[in-house]
Number of protein chains: 4
Amino acid sequence: MTDDSAREEIMTATYEALCEQGYTDLTAQAIADRTDKSKSLLFYHYDSKEDLVASFFDFLLEQFDERVEESRELPPVERLATFVDWFLYDPDDAERTAFHTAMLELRAQAPHNDRFQQQLRRSDDALRETLEEILRDGLEAGAFHEHDPEATAALLIAALDGARVRQLTLGRDAYLEEVRAGVAAEVFDELLAEDVAFPGGGEGAAGLVGGDESDDGSQEAR
Amino acid sequence: MTDDSAREEIMTATYEALCEQGYTDLTAQAIADRTDKSKSLLFYHYDSKEDLVASFFDFLLEQFDERVEESRELPPVERLATFVDWFLYDPDDAERTAFHTAMLELRAQAPHNDRFQQQLRRSDDALRETLEEILRDGLEAGAFHEHDPEATAALLIAALDGARVRQLTLGRDAYLEEVRAGVAAEVFDELLAEDVAFPGGGEGAAGLVGGDESDDGSQEAR
Amino acid sequence: MTDDSAREEIMTATYEALCEQGYTDLTAQAIADRTDKSKSLLFYHYDSKEDLVASFFDFLLEQFDERVEESRELPPVERLATFVDWFLYDPDDAERTAFHTAMLELRAQAPHNDRFQQQLRRSDDALRETLEEILRDGLEAGAFHEHDPEATAALLIAALDGARVRQLTLGRDAYLEEVRAGVAAEVFDELLAEDVAFPGGGEGAAGLVGGDESDDGSQEAR
Amino acid sequence: MTDDSAREEIMTATYEALCEQGYTDLTAQAIADRTDKSKSLLFYHYDSKEDLVASFFDFLLEQFDERVEESRELPPVERLATFVDWFLYDPDDAERTAFHTAMLELRAQAPHNDRFQQQLRRSDDALRETLEEILRDGLEAGAFHEHDPEATAALLIAALDGARVRQLTLGRDAYLEEVRAGVAAEVFDELLAEDVAFPGGGEGAAGLVGGDESDDGSQEAR
DNA sequence: GATGAATGAGTTTTCATTCAT
DNA sequence: TATGAATGAAAACTCATTCAT
C-alpha cells in the first residue's frame with residue numbers, strides 16, 4: 001500500500017470518527033478502529049495527533065474549496081443559486097450533514113487554535129472572493145441591479161452560515177428553509193434585474209419584509 | 001458555605017476555565033483551580049462532570065435569556081436595536097467575546113449531545129419568541145411596514161448569528177461590521193415605516209442591494 | 001497514609017527497582033510493582049518520572065552525605081579509616097553493593113543530565129571538604145606529617161572511587177583489596193607520624209612501591 | 001555495499017548516537033539517522049539491538065586495546081607516561097571526552113548485563129597485563145625501584161580511572177589535574193630509580209604527602 | 001542487500017471518579 | 001461539607017522488530 005492510499009484511508013477514518021463521536025472524543029484509537037490498520041501506523045504517517053488533525057482540516061477545506069470552485073463555468077445567476085444550495089444543504093442528506101457537522105466542530109476550536117484559524121482564513125478568503133466574483137460577473141452581465149458586491153457577499157455569507165449553524169446545533173430545519181426563502185425573495189426583489197429569473201428559490205416578495213409566503217411546516221420549530 | 005454559593009462559585013470557575021482553555025481542555029482540575037475548594041468537592045455537588053457541564057450550560061443560557069428579556073420595557077424600535085447590539089457585540093469587549101466563545105464551543109457539542117440540544121432549543125424558542133414579539137409589537141404600533149414576523153425573525157437571527165460565528169472563528173471583525181451595516185440598511189429600507197428612525201445603525205440604502213455606502217475599513221477582511 | 005510515608009515507600013521501591021533492573025529499565029510500572037500502590041499514584045506525588053528520579057537521587061545523596069558526616073566525632077586517624085572503609089565496602093555486603101550500583105548508574109547519566117550533575121557536585125563538595133577537614137585536623141593534632149590536604153584528598157578520593165567503580169563494573173574484588181592495601185601502606189609510610197597507628201589496614205611498606213605483601217587471593221583478578 | 005563496510009558504518013553511527021544522546025536514548029532510529037541507510041538494515045546485519053550494542057562494545061574495547069598496545073615499542077618509562085596520558089586525557093579534547101563518556105555509560109550497564117561484564121573483564125585483563133609488563137620491564141631495565149608490579153598496577157589503574165570517572169560525571173577537571181600531579185610525584189619519589197626522569201609529569205615531591213606544590217588553578221574544583 | 005510500511009507491547013501521563021476521614 | 005489520597009481506564013506516543021517487495 002502506498003503512502004498516499006494509507007493517508008487517504010486515515011483521512012476517511014478521521015472523517016467518520018469525527019462525525020460519529022465529535023472532536024472531543026476523537027482519539028487515535030477511534031480513528032484506527034475505522035481503518036484496517038493499527039493505531040501505531042497513525043504516528044508513522046503523522047508526527048502527532050495534532051499534526052494529523054491539522055492535515056485532516058486541510059483535507060476538509062480542500063473539499064470545501066473544490067465545491068466552491070466547481071460551478072465556475074455557470075452563468076452568474078445559476079452560479080449564485082448553486083452557491084446558496086451548497087450552504088443551505090438538504091438536512092436529510094446524511095453525508096452533507098456529517099460534513100458540515102465535522103466542519104462546525106473544527107471551526108469551534110479555532111478560537112483556541114491558531115493553526116486552525118489560519119486555515120479557516122485561507123478558506124474564507126476563497127469563499128468571499130468567489131461570491132464577490134459571482135456578483136461582479138452578474139453586474140457586468142446586466143443580470144443584477146447596482147450594488148456593493150463586498151457588502152452583499154459578507155451579508156449573504158453570514159446569513160447562509162448562520163442558518164446552517166442553527167440547523168446543525170438545534171436540529172431545526174426551519175432556519176434553512178426560512179433563510180432560503182428570505183434570500184430568494186431578497187435576491188428576487190433587490191438583486192435581480194427585472195427580466196431575470198432565479199432558479200430554485202421562491203418568487204414571492206418574501207425577505208425581511210413581506211408577509212405572503214405560506215408557513216414552512218418545519219418539524220418542530222416553534 | 002451553603003450549597004448555593006458553592007454551586008455559584010463552581011459555575012463561575014467553569015466559565016473562566018472554559019473561556020481560558022476551551023471545552024476540550026476543560027478538566028475537573030482546571031475548574032477546581034479557579035475555586036478555593038478542592039476537586040473532590042465538584043463531585044459532591046454534581047453527580048458527574050457531564051452533569052456539571054450541563055448545569056453550566058443552563059447557567060449560561062439563563063444569562064443569555066435574561067439579557068434577551070431585559071429590554072422588555074423599551075419601545076419596539078429601540079428594543080430591536082438592543083437586540084441587534086447584543087448579537088453584534090463589540091469584538092474588543094473581552095468579556096463578551098469570552099462569553100460567545102464559550103457558547104460556541106458548547107453549541108458545537110450539541111450535534112453529539114442530546115441534552116445540550118434540548119437546552120439550546122429551549123433557548124432558541126425564547127429568542128425567536130422575543131424577536132417575533134418585538135416585530136409584532138412594532139407592527140401594532142405602526143412603526144414597521146407589513147411583513148411576516150416569523151420569517152423576518154428567522155432571517156435576522158441567522159444573519160446575526162452567522163456574523164458572530166464568523167467573527168469568533170475567523171477573528172475577522174468585518175463580518176460584524178458589514179452585517180451591522182447591512183441589517184441597518186435593510187431595516188431602514190424595508191422594515192421601518194417612513195417616519196421612524198433606527199438608533200445606532202447607518203441610514204444609507206445599504207443591504208443586499210445598493211452600492212452607495214462607503215467602505216468600512218475593517219482590519220483584514222478581504 | 002501521610003504524604004511522607006507514601007513518598008518514602010516510593011523512594012524505597014525506586015531503590016529496589018533500580019538495583020534489580022538498572023536505570024535503563026527503570027519504569028514507572030517497575031517502581032509501582034514494588035509498592036502496594038498504583039502506578040498513577042506516582043504521578044500524584046511527583047510531577048513526572050524525571051522529577052521522581054531527581055528526588056530519588058537527592059534521597060540517595062542525602063544518605064551518602066549522612067554517612068560521610070556520621071564519623072564527625074572520631075579522632076582524625078580513626079575518622080580517616082572509617083572514610084576509607086565507606087568507599088572500600090565489603091563486596092559481600094549486598095546492601096552496600098546495591099547502593100553503590102544504583103549510584104553508579106545515576107552518576108553515569110550525569111554527562112547527559114545537568115540536574116544530576118548539579119546534585120553530584122553538591123555532594124562532591126561535601127565529600128572533599130570532609131576529607132580535607134580530616135586531614136587538616138590530623139595535621140593540627142600532629143598525627144600526620146606535613147602535606148597538602150587538598151591534593152591528598154583529591155588523589156585519595158580518585159583512588160578509592162576508581163577501586164569501587166572497577167569492582168562494581170568488573171565484579172572483581174581485587175581492586176578493592178589492592179587499593180585498600182596500597183592506601184594503607186601509603187598512609188602508613190607517608191602520612192602517619194611515626195608513633196601513630198592506622199586501624200584496619202596493613203602495616204607493611206606496601207603502596208605504589210614495596211613488594212613484600214602476600215597475595216590477596218581474589219577470586220579471579222589477573 | 002559489503003557486509004563489512006556496512007557494519008563499520010553502523011558502528012560509527014552508534015558511536016555518534018551514543019555520544020550525542022547517551023545510552024538511555026540510544027534507539028535504532030537514532031543510529032540509522034546517522035547512516036545513509038534505513039533502520040531496517042540494522043536488523044539485517046544484527047540479530048537484535050542488544051546484539052548490535054554488544055558488537056559495538058567489542059568495537060569500542062578493541063579501539064581501547066589498540067591504544068594500550070600501541071606504545072609497545074617504547075622504553076618502559078616513556079610507555080608508562082603514555083599510559084598515564086591515555087587515562088588522564090585532555091578534557092578539552094571533545095573526541096576523547098566523547099569516547100570516555102560512551103564507555104562509562106556502557107560500563108555502568110555491566111552490573112546488569114553479564115555479556116558486558118565479560119567483555120569488560122577481557123579488556124581489564126589486557127590493561128593490567130600491559131601495565132604490569134611495563135612495570136616489570138622497567139624493573140628489569142633498572143629504571144624502577146623494587147616493588148610489586150601487580151599491586152602497583154591495580155593501585156595506579158584505580159586512581160587513574162577514578163580521576164576520569166569523577167571528571168566525566170562532575171565535569172570537574174580538578175581531579176584529572178590533581179591525580180596527574182599526585183601520580184607524577186609518586187612515581188618520581190617512589191618508583192623511579194634516582195637517575196631516571198619521568199616525562200610529562202611534575203617532579204616535585206607531591207603525592208599523598210608533601211605540601212610544597214603550587215595550586216593548580218582548576219576552574220571550579222572546590 | 002535494502003527499504004517502507006506496518007505492528008504489538010510497552011511507556012509516560014492524564015483524568016474522572018471514589019472513599020476514608 | 002470538605003479534602004487528600006488513591007486508582008482504573010484510557011490517552012498519546014515510542015520502539016524494536018518483522019516482512020513483502
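Protein chains get the first letters and strands the later ones, always in sequence-line order, with residue 1 at the start of each. Computed from a predicted structure; not experimentally measured. Side chains included, hydrogens not; waters and symmetry mates left out as well; all remaining heavy atoms used.
Which of F:dA16, F:dA6, F:dT3 sits closest to the side chain of B:S40 comes down to F:dT3. Nearest to the side-chain atoms of D:S38 among the listed nucleotides E:dT12, E:dT3, E:dT17 stands E:dT3. Of the candidate nucleotides F:dA6, E:dA6, E:dA16, E:dA6 has the atom lying nearest to any side-chain atom of A:L41. For A:Y44, the side-chain atoms get nearest to E:dA6 when compared with the rest of F:dT17, F:dA12, E:dA6.
Taking 3.5 Å as the limit, the base of F:dT17 and the side chain of D:K39 contain a donor-acceptor pair of atoms between them.
One interatomic measurement links the two molecules: CG of D:D47 to C1' of F:dC19, which rounds to 16 Å at whole-angstrom precision. F:dA11 atom P lies 9 Å from atom NZ of A:K49, rounded to whole Å. Put simply, CG on D:D36 is 9 Å from P on E:dA2, counting in whole angstrom units. Between A:Q29 atom CD and E:dT7 atom C1' there is a gap of 13 Å when expressed in whole angstrom units. When the P atom of E:dG8 is taken as reference, atom CG of A:L42 falls 13 Å away, rounded to whole Å. Between A:F43 atom CZ and E:dG10 atom P there is a gap of 18 Å when expressed in whole angstrom units. In this structure, C:D4 atom CG and F:dG4 atom C1' are separated by 13 Å, rounded to whole Å. Distance A:Q21 CD to F:dA10 P: 13 Å, rounded to the nearest Å.
Across all strands shown, the partner of E:dT21 is F:dA2, judged by Watson-Crick or G-U wobble contacts whose two distances both fall under 3.5 Å.
Summary of the strand contacts: C:D25 and B:A28 both lie near DNA chain E, and taking for each the nucleotide with the nearest heavy atom, the more 5' one is attributed to C:D25.
In terms of modelled atom types and a separation under 3.5 Å, the side chain of A:D51 and the main chain of A:D47 share a donor-acceptor contact.
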Task: Residues B:T101, A:H112; criterion side chain to side chain contact (heavy atoms under 4.5 Å, CB included); working and verdict - done: CA-CA 9 Å; B:T101 304; A:H112 304 287; 4.0 Å; yes
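When side chains are defined from C-beta on, C:Y23 does not count as touching D:Y23, because their heavy atoms never get closer than 4.5 Å.
The phosphate of F:dA6 (OP1 or OP2) has a side-chain N or O of C:H45 nearer than 4.0 angstrom.
The pair C:E9-C:R34 does not meet the salt-bridge criterion, since no charged nitrogen lies less than 4.0 angstrom from a carboxylate oxygen.
Using bins of under 30°, 30° to 60° and over 60° for the plane-to-plane angle, the ring pair B:F99/B:F64 lands in the parallel bin.
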